[in-house]
Structures are given as C-alpha cells and as structure tokens.
Amino acid sequence: MNEKILGSVYIIIAVLIMIVWFAARWFFVYLVWIIAIALLIYGAYLLFFRR
C-alpha cells in the first residue's frame with residue numbers, strides 16, 4: 001500500500017512540474033541559479049570553515 005501511495009505522489013509531482021514548466025519557464029531558470037548558488041556557498045563552508 002505504501003508503494004502505491006508513493007507512486008501516485010511521484011506522478012502528481014511530475015505532472016505539476018510539467019505544468020509549471022510550460023506555464024513559466026523563467027521560474028526554472030531562477031530555481032537552478034538559486035540551487036547552484038546555495039550549493040556553492042555550502043560547499044565553500046564545508047571546505048574552509050568546518051573543522
């Protein structure tokens with residue numbers, strides 16, 4: 001039963017992502033930039049400031 005719920009949740013999320021992709025492609029561009037900048041900051045923090 002748990003796998004069926006998880007599968008349907010994945011399908012719903014995929015459909016929502018496709019709808020947002022066709023409605024507002026600029027949103028994904030900003031989302032990718034925000035994720036990349038966050039990963040850069042977190043990676044620099046782990047390399048230089050964490051002991």
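One hydrophobic cluster, built from ILVMFWY side chains closer than 4.5 Å, holds both W26 and I17. Residues F48 and Y45 are members of one and the same hydrophobic cluster, defined by side-chain heavy-atom contacts under 4.5 angstrom among Ile, Leu, Val, Met, Phe, Trp and Tyr. In the hydrophobic clustering of ILVMFWY residues, with side-chain heavy atoms under 4.5 Å counting as a link, I11 and V9 come out apart. Under the 4.5 Å side-chain heavy-atom criterion for Ile, Leu, Val, Met, Phe, Trp and Tyr, Y42 and W33 are members of distinct hydrophobic clusters.
With sequence neighbours left out, the ring-ring contact (aromatic ring centres under 6.0 Å, His included) criterion links F28 to W21. Annotation: side-chain contact (heavy atoms from CB on, under 4.5 Å) contacts of V32 (sequence neighbours excluded): none.
In summary, of the residues considered (I19, I13, I12), a side-chain contact (heavy atoms from CB on, under 4.5 Å) with V15 occurs for I19 alone. Evaluated for a side-chain contact (heavy atoms from CB on, under 4.5 Å) with I37, the options L39, I41, I35 yield exactly one hit, I41.
Residue R25 holds its CZ atom at 15.5 Å from OH of Y30, rounded to the nearest 0.5 Å.
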